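First the structure, in the form of structure tokens, and then the observations on it.
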Amino acid sequence: MTRHPRPLRIGNASGFYGDRFDAMREMLTGGELDVLTGDYLAELTMLILGRDRLKDPGAGYARTFLRQLEECLGLARERGVRIVANAGGLNPAGLADAVRQLSDRLGLPVRVAHVEGDDLTAANPGSLAAHAYLGGFGIAACLREGADVVVTGRVTDAALVTGPAAAHFGWGPGDHDRLAGAVVAGHVLECGAQATGGNYAFFHEAFRNGGDLRRPGFPLAELHEDGSCVITKHPGTGGFVDVGTVTAQLLYETAGARYAGPDVTARLDTVRLAQDGPDRVRIEGVRGEAPPPTLKVGVNRLGGFRNEVTFVLTGLDIEAKADLVREQLTDALAKSPPAEVRWDLVRTDRPDAPSEETASALLRLVVRDPSQEAVGRALSGAAIELALASYPGFHVLAPPGKGSPYGVFEDVYVPQDGVDHVAVLHDGRRIPVPPAHDTVVLDEVPEPPLPQPLSHGSTTRAPLGLVAGARSGDKGGNANVGVWVRSDDAWRWLVHELTVDRFRQLVPESSRLKVTRHVLPDLRALNFVVEGILGEGVAAQHRFDPQAKALGEWLRSRHLDIPEILL
């Protein structure tokens, strides 16, 4: 690609491995595009692909992507749309070869390139998969050399946008503000329909206004040479795009004002959003800084084996029934107790319930141990032997199995020059991608001045969610909860009311954990990071909601004294 002044129309067709299969075709046929991206990787996905590769060394990539291309590669070529996806996972070279074989079989002259250098598994003994998060300049090199399809391994999600943008506009590593704008655009696009009304806190408003959220369209960005953009979607597709949906996605899986990546550190406290017409949100003002001197490496290991069983407790004496089965199983497992045992009683029961299901509570037992035997036959035997010898109404949702392996995720850091970032072109040429030469060690941004507290009269005890939206997610063992409001008065109340102490009161799980609050006035948002709430990451399934996807919705359901003028 060469430098162009016109906007780059770049869309997304996948937010995760398993997303809507026909989204690629929808995006290619729904309107004009220059580049179509697909994000297939997450921390858990890398573990899944690692286990696939144990069975088959030729595996390790997202096979769904190949099936999508079988239907859409000719369509993309016909319409002049280039495809960039991180579906290569642990084996981008293998996926690139498979795409070439597919193009030959289809009789389509397609130039396929890939990016490699992220794999650091050999340097992390005992890991199943250890991969550095690369930036977008390897993608840019492939596109500049004429690639029609670029597949990568572990790059940052935003790199799928910064790479094509750098190639299209001729940006270099020092164009920090422009790159930061592309990072913000990429972050909004990366989770697909989450930017177009999917998983949105105020979804009910769309239905009231005649919108259709049953099948949200996928988002696209009209990216300009200065790094500003407009987030929109193809005409006639479902869902909607407004300042709220974009704000929600901006807060997803982020932390403070500095959003660091291998190409640039984007300042989220400089982002300005404005409605630019129906289903159009303009993003501008984004400032960028030099990236940090290190790259994040996601390390996945097998942590051992886990098993679980959920006992159904119905009717009266729920607590006593739970105590009885706990004591019985503790005694039964006493000879060889699992390394970790966790009980959770979920009181879903109601008094005088109209159905047996609503009269029942759930008692969940989760066990973990390095040995499969300790969590397998020992547990299943002990649990099933209680079937006729425990609390009245004894039954379980499903019998425990033999125990399954679980993963552990951690992030480590290596110097920017600690990887061999390489663009491998369609003709076999290899172009080394140099590390960032201008770097800055990350530092916390001081909290900005707060507005005057809201002067108000009487209050009503009500759910926070009547005033505020929220979106939450996971980063390793940590969770973030972004909370935002839609008026200046609500902001003046929220920023003084929802302190760290108040957050801990509303989310008791966080009471003994480190909680950090970040203030983003231009978004009227607070972002809370709760360290360690997810244990050793999603694959360890530490809690009921292992990716903290609904943590924000729980927070919104909690009651506060809210000024009546806001309700």
Side-chain angles (χ1 to χ4, degrees), residues 9-42 45 62-73 75-76 79 81 83-87 157 160-161 185-222 229-253 275-281 465 469-473 547 549-550 552-553:
R9 287 179 63 88
I10 182 166
N12 170 282
S14 175
F16 67 100
Y17 190 11
D19 209 344
R20 189 190 306 166
F21 184 85
D22 54 5
M24 185 178 288
R25 175 173 289 277
E26 290 175 10
M27 290 301 289
L28 289 170
T29 58
E32 292 186 11
L33 284 178
D34 298 303
V35 178
L36 183 60
T37 67
D39 180 11
Y40 293 78
L41 300 184
T45 312
R63 297 184 183 276
T64 319
F65 176 72
L66 265 183
R67 298 203 304 272
Q68 289 173 303
L69 279 189
E70 188 163 11
E71 293 185 4
C72 297
L73 191 57
L75 191 59
R79 296 186 172 230
V81 178
I83 294 176
V84 178
N86 62 10
D157 300 337
L160 301 175
V161 171
H187 182 60
V188 174
L189 296 187
E190 70 182 59
C191 287
Q194 279 196 170
T196 57
N199 301 353
Y200 182 54
F202 300 112
F203 71 98
H204 51 281
E205 294 182 1
F207 286 113
R208 282 205 301 265
N209 295 329
D212 187 354
L213 281 180
R214 292 172 299 176
R215 190 179 174 87
F218 276 64
L220 64 94
E222 298 170 355
C229 72
V230 171
I231 303 297
T232 184
K233 63 186 184 70
H234 284 326
T237 56
F240 64 103
V241 180
D242 67 11
V243 169
T245 65
V246 174
T247 299
Q249 181 55 29
L250 276 175
L251 295 172
Y252 181 66
E253 294 182 346
Q275 200 72 36
D276 196 46
D279 293 322
R280 292 177 64 83
V281 172
R471 180 165 284 167
S472 54
Q547 289 181 281
K549 296 294 188 183
E553 285 300 293

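As the structure is a computational prediction, the values presented were derived from the model and not from experiment.
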Counting distance only, does the side-chain N/O of T37 pair as donor-acceptor with the main-chain N or O of A85 below 3.5 Å?
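Answer holds: no.
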Okay, side chain of Q275, backbone of V241: is any donor-acceptor separation there less than 3.5 Å?
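Yes, Q275 side chain to V241 backbone: donor-acceptor pair under 3.5 Å.
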Could you tell me which non-hydrogen atom of [X] sits nearest to which non-hydrogen atom of [Y], and how far apart they are?
| X | Y | answer |
| --- | --- | --- |
| F202 | G469 | CZ-N, 3.4 Å |
| I231 | A221 | CD1-CB, 3.9 Å |
| A185 | V161 | CB-CG1, 4.5 Å |
| G552 | S472 | N-OG, 2.9 Å |
| G30 | P235 | O-CD, 4.0 Å |
| A76 | I83 | CB-CD1, 3.8 Å |

Approximate separation, where rounding is to 0.5 Å, of [X] [atom1] and [Y] [atom2]:
| X | Y | atom1 | atom2 | answer |
| --- | --- | --- | --- | --- |
| L75 | R25 | CG | CZ | 5.5 Å |
| N86 | S14 | CG | OG | 8.0 Å |
| L73 | E70 | CG | CD | 10.0 Å |

Quick one: ring-ring contact (aromatic ring centres under 6.0 Å, His included) partners of Y252, sequence neighbours excluded?
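Y252 satisfies ring-ring contact (aromatic ring centres under 6.0 Å, His included) with no other residue.
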Taking ring-ring contact (aromatic ring centres under 6.0 Å, His included) as the definition, give me every residue that meets it alongside Y17, ordered by chain and number, with sequence neighbours left out.
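By the ring-ring contact (aromatic ring centres under 6.0 Å, His included) rule, Y17 matches no residue at all.
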Which residue, T245, D212, T196, forms the side chain to side chain contact (heavy atoms under 4.5 Å, CB included) with F240?
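Of the listed options, the one satisfying the test is T245.
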By the definition side chain to side chain contact (heavy atoms under 4.5 Å, CB included), identify the one residue from D157, I10, L160, D39 that meets it with L189.
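By the side chain to side chain contact (heavy atoms under 4.5 Å, CB included) criterion, L189 pairs with just one of D157, I10, L160, D39: I10.
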Qualifying residues under salt bridge (charged side-chain N to carboxylate O under 4.0 Å, His left out), relative to [X], sequence neighbours excluded:
| X | answer |
| --- | --- |
| E32 | none |
| E553 | R556 |
| R79 | none |
| D279 | K233 |

Looking at residues at least two apart in the chain, or sitting in another chain, which of them share a side-chain hydrogen bond (donor to acceptor under 3.5 Å, both in side chains) with [X]?
| X | answer |
| --- | --- |
| D242 | none |
| R280 | E222 |
| N199 | Q194 |
| E190 | H187 |

Do F218 and D19 have side-chain heavy atoms sitting under 4.5 Å apart?
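Yes. Closest side-chain heavy atoms under 4.5 Å.
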Is the closest side-chain heavy-atom distance between R215 and R20 below 4.5 Å?
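SC-SC contact between R215 and R20 confirmed.
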Under the rule for side-chain contact (heavy atoms from CB on, under 4.5 Å), what residues qualify as partners of F21, not counting sequence neighbours?
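So F21 forms a side-chain contact (heavy atoms from CB on, under 4.5 Å) with T64, R67, Q68, E71.
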With A13, which residues qualify under side-chain contact (heavy atoms from CB on, under 4.5 Å), at least two apart?
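Checked A13 against side-chain contact (heavy atoms from CB on, under 4.5 Å); matches are A23, M24, M27, L36.
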